[in-house]
Amino acid sequence: MTEGFDTDMLWDEFHRLVNMNSEELRAYLLAEASSEEGFPPDPDLGIDELGRGVLHVLSKRKGDLTKADVEVMRQVVELVETMGDRTDDESRRELMSVGHDPLRG
């Protein structure tokens, strides 16, 4: 468990920026990972690692966070803040892979 004021602020910012719920994100990641041939044979189904981390964090309570979860939240906040709300196809796909849809208000 990781505690502290910084983690509280990070938690709040992460949940403000991640504007897709876990079901929407999971469906998006699975759709992005699939290809014309279907899912790849590896166990992670070709799903983006950071996206999997976001799903993991979304399923937790703040008090149950690990250091790895905090790092995922930091990466997501940094990515979204760096990219802003770009809506070109490539940028939107990258942002949506971590649960941020720039077209949502």
Original post:
Should E94 and M83 count as side-chain neighbours, where that means a heavy-atom distance under 4.5 Å?
Top reply: yes
Original post:
Are any of the side-chain heavy atoms of W11 and V70 separated by less than 4.5 Å?
Top reply: no
Original post:
Are any non-hydrogen side-chain atoms of T82 and L79 less than 4.5 angstrom apart?
Top reply: no
Original post:
Atom OG of S59 and atom CZ of R26: how far apart are they, to the nearest 0.5 Å?
Top reply: 8.5 Å
**OP:** Report yes if the side chains of V57 and K60 come closer than 4.5 Å at any heavy-atom pair, otherwise no.
**Re:** no
Subject >> For V98, the option from V18, L50, L29 that meets side chain to side chain contact (heavy atoms under 4.5 Å, CB included) >> reply: L50
**OP:** Rounded to the nearest 0.5 Å, what's the gap from CG on L25 to CD on E32? Could you check?
**Re:** 11.0 Å
Subject >> Heavy-atom closest pair, residues V77 and L10 >> reply: CG2-CD1, 3.9 Å
Original post:
Got a salt bridge between R16 and E13, using NZ or NE/NH1/NH2 to carboxylate O under 4.0 Å?
Top reply: yes
Subject >> Straight-line distance of H56 NE2 to D69 CG, nearest 0.5 Å >> reply: 4.5 Å
Original post:
In Å and rounded to the nearest 0.5 Å, what is the NZ to OG1 distance from K67 to T7?
Top reply: 10.5 Å
Subject >> Atom CD of E81 with >12 non-hydrogen neighbours under 6.0 angstrom >> reply: yes
Subject >> Side-chain ion pair, R74 and D6, N-O less than 4.0 Å >> reply: yes
Original post:
Considering only heavy atoms from C-beta outward, does the side chain of H100 approach that of M20 to under 4.5 Å?
Top reply: no
Subject >> R92 bridged to D89 by N-O distance under 4.0 Å >> reply: no
Original post:
Tell me, do L65 and M73 make a side-chain contact under 4.5 Å, heavy atoms counted?
Top reply: yes
Original post:
Is there a side chain to side chain contact (heavy atoms under 4.5 Å, CB included) between F14 and L58 once you walk through the steps?
Top reply: CA-CA 10 Å; F14 172 83; L58 289 175; 4.0 Å; yes
Original post:
Mind checking whether D101 and E24 have side chains closer than 4.5 Å, heavy atoms only?
Top reply: no
